[in-house]
Structure formats: C-alpha cells, structure tokens
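Here's the structure we're looking at; comments come further down.
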Number of protein chains: 4
Amino acid sequence: MPVASRPAPTFTETARRAQLIEAAIDTVNEVGYHRASLAEIARRAQVAKSAVLYYFPSKEALLLHVVEHVFTALDERLVVAVAAASGAVDRLRTYAETYIDYVDTHRSELTAGLEIVVSHRTPDGTPLYLTGAEEDTALLRRILGEGMEQGLFRRMPLRTAVDIVEAVLDASATTLQRDRHADLAPFRDQGVAVLMAGLAAPTRS
Amino acid sequence: MPVASRPAPTFTETARRAQLIEAAIDTVNEVGYHRASLAEIARRAQVAKSAVLYYFPSKEALLLHVVEHVFTALDERLVVAVAAASGAVDRLRTYAETYIDYVDTHRSELTAGLEIVVSHRTPDGTPLYLTGAEEDTALLRRILGEGMEQGLFRRMPLRTAVDIVEAVLDASATTLQRDRHADLAPFRDQGVAVLMAGLAAPTRS
Amino acid sequence: MPVASRPAPTFTETARRAQLIEAAIDTVNEVGYHRASLAEIARRAQVAKSAVLYYFPSKEALLLHVVEHVFTALDERLVVAVAAASGAVDRLRTYAETYIDYVDTHRSELTAGLEIVVSHRTPDGTPLYLTGAEEDTALLRRILGEGMEQGLFRRMPLRTAVDIVEAVLDASATTLQRDRHADLAPFRDQGVAVLMAGLAAPTRS
Amino acid sequence: MPVASRPAPTFTETARRAQLIEAAIDTVNEVGYHRASLAEIARRAQVAKSAVLYYFPSKEALLLHVVEHVFTALDERLVVAVAAASGAVDRLRTYAETYIDYVDTHRSELTAGLEIVVSHRTPDGTPLYLTGAEEDTALLRRILGEGMEQGLFRRMPLRTAVDIVEAVLDASATTLQRDRHADLAPFRDQGVAVLMAGLAAPTRS
DNA sequence: CATGAATGAGCATTCATTCAT
DNA sequence: AATGAATGAATGCTCATTCAT
C-alpha cells in the first residue's frame with residue numbers, strides 16, 4: 001500500500017511520458033546530445049515543444065530520466081542474472097554476458113543513455129559519471145573485489161578493474177553507434193573471453 | 001618548384017593558432033564540449049571572438065584541428081615506438097604502453113580530444129569516429145592482424161579486437177576526466193597486463 | 001418580475017470567486033503583479049489553472065475584479081463615514097482617517113489593489129488609473145470643491161488637490177508594502193495632520 | 001588619472017547605450033514595465049534584440065541602468081540646489097521645488113524611472129524600493145531631521161515625514177503619467193505650499 | 001462543476017558568424 | 001593583423017487560454 005504523496009499518474013500521463021522518453025532517445029541517437037533540442041524532441045514526438053515541458057519539468061529532467069530509465073533496467077537485469085551464478089568467475093562472466101545481451105536487445109536505449117552520460121554536464125561543469133558513480137558500479141565492485149580476495153582474479157586496485165571491465169562492455173555500445181544494425185555476437189563472445197582471460201589470476205610458472 | 005597554394009604561414013600565425021588550440025583544449029576540459037563556445041575559447045585565449053574566426057574558418061574547424069593535433073602527435077609517437085619492437089606480442093605491448101604513457105604526459109590534450117571525438121557531430125548528425133576510422137587505426141590493425149595470423153593472438157574479427165584494445169586504452173583518459181591528477185601507473189601496469197593476457201591465444205589444455 | 005440576464009450565482013460560485021480573489025490578492029502581495037501568473041494564483045487557491053478561468057473570463061478580469069472588490073468596499077465605507085460628518089473640514093478629516101483606517105484593517109487587499117492599479121495596463125498600454133478616474137474620486141472632489149468654495153481650503157485646481165490628498169493617503173499602503181506589519185498609527189496621526197494643516201486656507205497676516 | 005580597470009568605452013558604445021536607455025524609457029512609458037520586453041525596446045531603438053544584450057548584460061541590467069541614470073541625476077541636482085539654501089525651512093522648500101522642476105523638465109525619464117522602481121522585483125520578489133532606501137533619501141532625511149530638531153517642523157517619526165514628502169513630490173510624476181503634456185505649474189505651487197504649511201510646526205494658540 | 005491535456009505566442013538569452021575598419 | 005559592432009537563428013522555458021470530458 002504505497003502512500004501517494006502525489007496523485008497516481010493518469011493513463012495518458014504514463015503513455016505520454018513513455019512516448020517522450022522514446023522520442024528523446026531517438027533524437028539523441030540521430031543528432032547527438034549536443035543537438036538534441038526540445039524542438040527536435042517535440043518534433044519526433046509529434047507534439048508541441050510546450051507539451052514536453054508539461055510532462056517533464058525541464059529538458060534536463062527528461063534526459064536524466066532517460067538515463068535513469070535505461071540504467072535502472074540494466075542494473076536490475078544484472079542483479080537478477082548474477083544472483084543465479086555462483087563463484088566470482090562465473091558471476092563475472094554472467095555479468096559481462098548479461099550486460100552485452102542487454103545492450104544487444106536495447107540498442108537505441110543504451111547508445112542514447114551512454115551518450116547522455118558522457119556528454120551531459122551539471123551547470124557547474126561536472127560530468128554525469130562523477131555523481132553517484134559508487135553506487136552505480138556497486139555490483140561489479142563486489143564481484144571483482146570478492147574474486148581478487150579469493151585469488152581468482154589478477155590483483156589490482158578495484159577502481160582500475162572496474163574501469164577496464166566497463167570500458168570493454170561499453171565498447172559494445174560504441175560498436176552500435178557506428179552501425180546500429182551491427183551483429184554483436186562476435187563482440188559478446190570475444191569481448192567476454194578477453195575479459196575473463198585477462199582478469200584471471202596469472203598462473204605461477 | 002612547389003606550387004604555393006596558400007602562402008607560408010607567418011610566425012605569428014603559427015603561434016596564434018597554437019595558442020587558440022590550447023585555449024580550445026582548456027575550454028573543453030573545463031566546461032565540456034557542449035558548453036565550449038567561441039566566446040569561452042576567446043576569453044581563455046585573451047583575444048576577441050572574431051580573432052578566433054580569423055585564424056580558423058569556423059568553430060567546428062578549430063575543434064577538428066584540436067582532434068587532428070592531438071591524435072596525429074599520438075600516432076606519430078606510436079609509429080616510432082612500435083617500429084623499435086619486434087614480434088606482434090612485443091609490438092602490441094609497446095603500442096599499449098606508449099599509448100597510455102602519451103595519455104599520461106599529455107593529459108589535457110587527450111581528454112579534450114576524446115571528448116570532442118565522442119561529442120562532435122557533423123551537421124547531418126554523423127559522429128566523428130565514423131569518418132576516416134580505417135586509417136586512424138591502421139597501425140593497431142596491422143599489429144593485431146599480424147599477431148592473429150601467426151597464431152599469437154586469440155582469433156577474432158579484426159574490428160572486434162581493435163575495439164577492445166582501444167576501449168581499454170581510452171579508459172585511461174576517462175580516468176583522467178574523473179581526476180585530472182590521477183596516478184595512471186596502476187592503470188598502465190594492469191590495463192596492459194589484462195590486454196596481453198586477454199588477447200593471448202588460448203593454450204590447448 | 002426581474003429579467004435574469006444571467007442566472008443568480010450559486011452558493012459555491014460566490015464562494016469560489018471570493019476564494020480566487022483572495023488567492024489573487026495573496027499572490028500579488030507575495031510575488032508582485034509582474035509575476036502573479038494564473039498558475040501561481042491557482043496553486044494558492046488549491047485549484048487547477050483552468051478552474052480560475054471557469055469563474056473568471058480571463059486573468060485580467062480576475063485582477064480587475066480584485067481592484068473593484070477592494071475599492072468599492074473602501075468607497076462605501078468612506079461614503080458612510082463622511083455622511084456622518086458636517087462641514088468640509090470635518091468631512092475631509094473623516095475621509096482621510098477612514099481611508100487610512102481602512103488601509104490599516106485591510107492591509108493585504110489594499111496593497112494588492114494598489115499594486116494592480118499601478119502596474120496593470122490595457123492591451124494598448126493605457127494604465128488603469130486613467131479609466132473611470134472621475135467617478136472614483138467623486139466623493140473627495142465634492143469635499144474639496146465645497147471646502148474651497150467656502151474659503152476653508154487653500155484655493156487650487158481641484159485635480160491638484162485631489163492628487164495631493166490621494167498621494168498622501170496612498171502612501172499609507174506604500175508603508176505596508178515595505179513592512180506588512182508596520183504600525184500605521186503615526187502615519188494616520190501625522191499624515192492627516194499634515195493634510196489638514198497644509199490644505200487649510202492660509203490666514204492673512 | 002582614473003585607473004581604467006576596463007577599457008574606456010568607445011564613442012559608439014556610449015552613443016548606443018544612451019540610445020538604448022532612451023528606447024527603454026520610451027518603451028516603459030508607452031506600454032508599461034510589464035510589457036516592456038526586449039523585443040519592444042529593440043524595435044524602438046531600431047536594432048536587433050541581440051544588440052541590446054550586446055551593450056547590456058541583461059534586460060534587467062538595462063532597466064536598472066535607467067533607474068540609476070534618472071535618480072542619480074535628480075539627486076545631484078537636489079544636492080546642489082539645497083546646498084545654496086540656508087535653514088531647514090528654506091532647504092525643504094528648495095528641495096521640493098527642485099524636485100518638481102526636475103520632474104517637469106525630465107518628464108519621460110522620471111515617469112519611466114518611477115514605474116520601474118515600483119514594478120520591478122528581484123528574483124526573490126523583493127521590490128526595488130526596499131533595497132538601499134536609506135541612502136536614496138539621505139538628503140531629505142537630513143533636512144527633515146534637522147528641521148524637527150530645531151522645532152521648525154511638526155514632530156513625527158522621520159520615516160513618516162519622508163514618506164509624506166516623497167508621496168506628494170512623486171505625485172507630480174503621476175500627474176504626468178496621466179497626461180504627459182500636463183502643466184506642472186499648479187502642482188509645483190500648490191503642492192509645495194501644502195507641504196510647507198502642513199509640515200510647519202503647529203503654533204501654540 | 002472542474003479538470004487534465006495541450007498548445008501557440010512570446011519571453012530573455014546564447015551563439016556562431018559577418019563585416020567594415 | 002585584429003577587432004568591435006551587429007545580427008539572425010535557435011534555445012529552453014513561461015504563460016494565458018482552449019477544449020474535451
């Protein structure tokens with residue numbers, strides 16, 4: 001029984017917001033964050049500019065909503081998938097494969113979300129990926145930390161390991177930015193293989 | 001008898017252009033591509049807005065010049081360094097280490113250059129990394145292709161291998177975007193190690 | 001048999017209109033005429049924006065209603081009070097004291113009403129105090145005209161005398177705009193004294 | 001030898017700024033503060049909207065400049081005139097006459113300046129006449145305070161006296177808002193007379 | 001009786017660019 | 001060689017108003 005501090009959204013509202021988020025995603029993908037103006041977004045949604053601001057308090061809020069929308073869903077998917085795996089190695093592989101699968105099946109969302117994360121700045125110039133970065137990577141940090149502790153993964157600063165894994169996984173989206181219809185299978189197979197082999201604790205010889 | 005299609009640049013012209021490129025780099029690093037306006041760049045260069053357009057035909061041209069400036073220098077460095085190494089494995093390691101060293105010693109150039117590459121779009125919406133991508137990665141493609149042919153590297157589509165290597169190497173710049181004074185040593189050591197181990201041809205067991 | 005050109009207002013209608021007028025007054029006082037938008041007024045009345053326009057044909061009509069509401073009540077009070085006094089001097093003093101007392105006891109109404117009168121313009125730019133000014137000041141004109149005729153007041157153009165008196169009396173509201181809890185007693189005592197002494201016919205010396 | 005922290009304004013700049021201030025004054029007088037948009041001001045100045053913001057950082061800055069422009073000049077005039085008078089009574093009379101004379105000879109400036117002062121609000125809703133009110137009325141406060149101390153003026157709170165005097169003097173501008181070609185002579189003669197007689201210390205009878 | 005939805009006109013402001021000097 | 005002046009197009013956003021329900 002949720003306490004509704006603000007009234008439950010109407011059917012139209014839910015639909016419109018979804019439509020606008022979709023339009024924002026399309027716009028960012030087609031013209032880039034830099035040129036994704038309210039006018040462009042409204043044009044794609046086939047509504048007036050002011051209608052966008054009727055459902056979102058500002059253009060910024062809409063774009064941040066896109067980011068939240070995309071990465072919350074991704075994170076939920078990852079949490080569920082990883083929970084079904086046991087052992088750091090298996091969990092990491094599951095994490096990586098699930099991540100790339102998600103990118104594969106949510107191409108436009110992911111490319112737009114990443115472009116916004118990379119390009120957006122708060123009014124004082126701080127990029128988005130600096131705010132709340134800790135919690136965003138919590139799951140990955142846990143897997144990698146655990147694996148290193150158990151001697152399964154190459155020892156290195158957690159931060160570094162996270163950066164490397166994310167760099168490779170996000171590269172799958174970059175591939176799509178280059179060609180939105182690209183086949184992600186080779187990247188999934190080889191990218192994950194490289195990560196697993198690269199991160200595996202080196203064997204004494 | 002060289003045909004001078006345009007007159008040799010004067011000393012001041014060369015100096016001014018260098019100064020403006022530097023100002024553009026600083027601006028992009030401080031406020032991001034999105035807010036890097038001509039006015040901001042001119043302010044940092046301590047010249048009038050119109051002076052910028054006196055030396056560069058447009059703002060876009062200036063920013064593209066920054067990209068060229070940065071990546072040409074990086075490429076030259078890579079070519080020289082790799083030439084001194086022998087064998088695909090050693091050449092890849094040299095490539096990777098030189099790359100990260102260059103990022104380390106040219107922090108502002110690299111972070112700005114990458115931000116522009118990622119954010120800039122041509123008027124029709126095409127991102128920068130789609131134009132001339134082939135030649136930009138020529139050296140890396142040669143090293144990886146050679147290594148795979150010789151059975152030294154894990155076999156995969158060349159495109160995929162290039163993407164993975166570049167993703168990891170570029171992540172060093174992302175680290176700096178997060179903290180411009182970050183110590184890159186751990187990333188260099190571990191990043192390269194992960195790449196080498198990950199790309200090594202899997203041993204039959 | 002009265003012809004009902006418009007049907008008698010229902011109870012809720014009367015109540016709603018009063019509530020909206022009150023909300024408009026509060027809004028003008030809090031944010032000023034310039035920023036008193038329909039949205040702000042509706043928010044304070046806790047109704048939807050469109051509800052405001054259900055009871056008033058336009059925002060302008062609502063604000064003009066506030067003015068009418070305030071100054072009609074003030075005028076009625078003045079008429080009653082002045083009727084009880086005899087002689088131009090006494091009537092003027094009564095007028096002035098009643099005016100300031102009314103301001104004192106209807107602070108928010110008066111300050112809002114005056115701000116609207118001062119700031120509002122018809123679409124063609126005409127200020128409010130140009131429309132129907134004659135009848136608004138009828139009572140004061142009569143008192144002053146009579147007093148001058150009888151040699152009780154300093155002789156001057158009626159218009160000038162009215163302007164002076166109104167300026168001083170309205171200044172009591174200005175005092176409240178500065179501090180809504182200000183004590184108006186000194187202003188009532190001294191303001192009236194100054195007016196009476198100043199307007200008194202000069203004695204031959 | 002003034003130290004120029006910013007470069008001396010060019011001839012064009014000085015001229016344009018004056019022209020824009022004039023256009024702003026005309027606009028406020030013609031359509032009121034509320035409707036005095038950048039577009040209207042620019043139209044009257046026969047320049048592009050952006051040209052206004054080339055010379056003034058914002059619309060607000062331009063309007064505040066008008067206020068400063070008007071009231072600084074008025075204050076200077078008052079200071080000079082009052083300095084030539086001796087005795088509180090004479091000084092008050094001089095103050096009042098000079099004030100109204102200034103209004104008379106600078107009709108459009110004064111009406112516009114007053115409308116801005118009355119209507120403008122800072123972003124948090126504070127009216128202009130609340131900021132720095134102390135210093136604006138310094139001269140008048142001094143005259144009235146001195147006169148009351150010497151028993152020449154009716155004793156009352158300084159604030160009240162200032163409010164009364166200013167109300168009457170400002171009413172001269174209100175007269176002009178009603179009719180920009182009105183003859184101010186009767187108001188000057190009678191208004192000043194009323195003030196002097198009204199403020200004079202009451203004689204014991 | 002009252003509202004949520006939607007809009008078009010207008011707003012102040014930013015910006016890359018042009019041009020005469 | 002360099003600039004100040006000026007602009008037109010675009011941007012994010014506000015607002016009074018309309019209308020179907």
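Chain naming here is simple, since letters A, B, ... match the order of the sequence lines and numbering starts at 1 in each.
- Going from atom CD1 of C:Ile21 over to atom CG of C:Asp26 covers 12.0 Å, rounded to the nearest 0.5 Å.
- Counting any heavy atom pair closer than 4.0 Å across all strands shown, D:Ala48 reaches sugar-phosphate atoms only and no base atom.
- Look at CD on A:Gln19: it is 13 Å from C1' on E:dA5, rounded to the nearest Å.
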Check: Should B:Tyr33 and B:Val118 be marked as a side-chain contact (heavy atoms from CB on, under 4.5 Å) after you check the CA-CA gap, both sets of side-chain angles, and the distance that decides it?
Finding: CA-CA 9 Å; B:Tyr33 173 90; B:Val118 164; over 6 Å; no

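- Nucleotide E:dA20: paired with F:dT3 (Watson-Crick or G-U wobble, both distances less than 3.5 Å).
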Checklist line | Check against side chain to side chain donor-acceptor pair (under 3.5 Å), B:Asn29 and B:Thr111 | finding: CA-CA 7 Å; B:Asn29 280 326; B:Thr111 48; 2.8 Å; yes

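- Salt bridge status for B:Arg44 with B:Glu22: absent, with no side-chain N to carboxylate O gap under 4.0 Å.
- Checking A:Gln46 against C:Val52, the closest nucleotide of DNA chain E that is more toward the 5' end is the one next to C:Val52.
- When the P atom of E:dT17 is taken as reference, atom CD1 of B:Ile41 falls 11 Å away, rounded to whole Å.
- Rounded to an integer number of Å, the gap from OH of D:Tyr54 to P of E:dT17 is 17 Å.
- Remark: side-chain polar atoms of C:Gln19 are paired, donor with acceptor, to backbone N or O of C:Ala45 under 3.5 angstrom.
- Only one option out of B:Ile25, B:Val66, B:Val47 pairs with B:Leu20 in a side chain to side chain contact (heavy atoms under 4.5 Å, CB included); it is B:Val47.
- Per the geometry, CG belonging to A:Leu63 stands 14 Å off P belonging to F:dT11, to the nearest Å.
- With 3.5 Å as the limit, one finds a donor-acceptor pair spanning the side chains of C:His120 and C:Glu60.
- Under the Watson-Crick or G-U wobble criterion, with both distances below 3.5 Å, E:dG8 is paired with F:dC15.
- One can place CZ of A:Arg43 at 14 Å from P of F:dG12, the figure rounded to the nearest angstrom.
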Notebook entry, point to check: How does protein contact run along nucleotides 10-15 of chain E, one letter per nucleotide 5' to 3', with B for base contact, S for sugar-phosphate only, - for none, heavy atoms under 4.0 Å?
Noted result: -SBBBB

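- Atom CZ of A:Phe56 and atom P of F:dG12 are 15 Å apart (whole Å).
- In terms of phosphate contacts, D:Arg16 brings no side-chain nitrogen or oxygen within less than 4.0 Å of OP1 or OP2 of F:dG4.
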